[in-house]
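Below is one structure, written out as structure tokens; comments come after it.
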Amino acid sequence: MPQLAINGGPKVIDRQIGSDWPIFGDTERNNLLEVLESGRWWRGGDAETSMVGRFEQAFAQFQDAKHGVAITNGTQALECALKAIGIRPGDEVIVPAATFVATATACILVNAIPIVVDIDPATYQISPEAAEAAITDRTVGLMPVHYGGYPCDMESLKAIADRHGLWIIEDSAHAHGSTWNGQGCGSIGDIGCFSLQMGKTLTSGEGGACLTNDDELARMLFSFHHIGRFEGRPFYEHHIVASNLRMTEWQAAVALGGLERLEEQANTRDANARYFEDGLRQIEGVSPIERAPWVTRWNFYFYHFKFLSEQFGGISKEVFAKALAAEGLSTGSGHLHPIQKNPLFTERNWGPACFGDNAPPDYASMPTPEAERICAEEGISMGHRLFLGDTGDMDLMLEAIAKVRENVDELK
Ligand SMILES: Cc1ncc(COP(=O)(O)O)c(C=O)c1O
């Protein structure tokens, strides 16, 4: 008699686990109605009472930053940050291989050159050693990503930045509510950039934000998102060439509602993940990504754990994932492959507006073996909504994994 659900056996998880996503309630409804009836559907110049202004202040405070500028989306938040920090054509920016492609394409969109480096297999985050080894006389900054919301080794990265005179823009698109040594991600480097796209742990459907503690950078972020205006100057006085990257009042109305729940949800995810990690340690062939001492809260967009094929009967990650899905637990592979393996890099499809006279590097010769191996063989990702339930849900997820391990011979 087969035991595994993939072979016709009974399924471990036959009820919903975690939570639906997105979550919303009366705050969103009331805020949206307030915007509708106010007749003021954009922020204008009002940082005090507009929904956008209120969101900027509340979100910056939540992440421990002094200033916030709400932006249309996460990709444009990165572009805005690069412009505000003074990027010039041909400048090199160091980015990790394990991320969403926008970390690199935001650089290309401002005619800079992303240099892709490997990740640390212990944390799945940018390797500080690899980052330092990639520095050239054209390097101007580091763009670490708190991948899956796990805070990067910011102490080492800040030391490298100090040694080489570089800035740091933290791509915090996955790290709302995550803390590094007790400090909110996105408030540690020079600028932090967030995405509020629908899947993120704080969402307005689409949206983004830039945070900074630096008054001058805040002034430039404001101007670069607002067609070159400066605060306090006449409305039709434009000082720099800049786009319109303003968030709408509708988006901020929704984001403000989510922000009210973020602290509690972040604590729930973090606590459930710790419980799940204890369970993973008891199952042969899987293991958690161990928390470095600086990971004081891990509020993940997706959670990663390690699948070790040689200790799991030698089956592939794909077969493991299929067997788990049949047991009722759906998992993924993060972003599937290192970013430089995307056709845009392998086929050099940057389009005529990018790079100018600065020859782009050969991305095919930018090896990132750890990212490659982890994406292909080891890293298993799970959506954040699975961790919004209780420890009973964690037990079911662990039971599904343990069952596949115990009956792995059925999969060979
Ligand atoms: C690491 C990372 N950076 C940037 C972005 C871009 O954000 P958006 O989709 O809001 O443009 C994303 C989106 O998922 C992301 O995962």
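Below, all heavy atoms of this structure are taken into account, side chains as well, without hydrogens, waters or symmetry copies.
Taking the six-membered ring for Trp and thresholds of 30 and 60 degrees, Phe355 and Trp350 have ring planes more than 60 degrees apart, a perpendicular arrangement. Using a 30° and 60° split on the angle between ring planes, Phe305 and Phe320 fall in the perpendicular class, above 60°. Note on ring orientation: taking the six-membered ring where Trp is involved, the planes of His384 and Trp21 are perpendicular (angle over 60°, cut-offs 30° and 60°).
Checked options Tyr303, Phe302, Phe300; the residue passing with His174 is Phe302 (criterion: ring-ring contact (aromatic ring centres under 6.0 Å, His included)).
In summary, the aromatic rings of Phe222 and Phe230 are positioned with their centroids too far apart to meet the 6.0 Å limit.
Salt bridge absent: Glu277 and Arg274 never bring a charged side-chain N and a carboxylate O closer than 4.0 Å.
For Glu206 and Thr72, the side-chain atoms include no donor-acceptor pair closer than 3.5 Å. In this structure, a donor-acceptor pair under 3.5 Å is absent between the side chains of His67 and Asn213. Neither side chain, Thr268 nor Glu264, offers a donor N or O lying under 3.5 Å from an acceptor on the other. No side-chain donor from either of Asp171 and Tyr147 sits under 3.5 Å from a side-chain acceptor of the other. With no hydrogens or angles considered, a side-chain donor-acceptor pair links Thr27 and Glu260 at under 3.5 Å. Between the side chains of Asn31 and Glu28, not a single donor N or O lies within less than 3.5 Å of an accepting N or O. No hydrogens or angles considered: nothing links the side chains of His239 and Arg229 as a donor-acceptor pair under 3.5 Å.
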side-chain contact (heavy atoms from CB on, under 4.5 Å) between Trp294 and Thr179, worked out
CA-CA 8 Å; Trp294 62 78; Thr179 58; over 6 Å; no

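In this structure, Arg43 fails the cation-pi test against Trp250, since its NZ or CZ atom is not both closer than 6.0 Å to the six-membered ring centre and inside 45 degrees of the ring normal.
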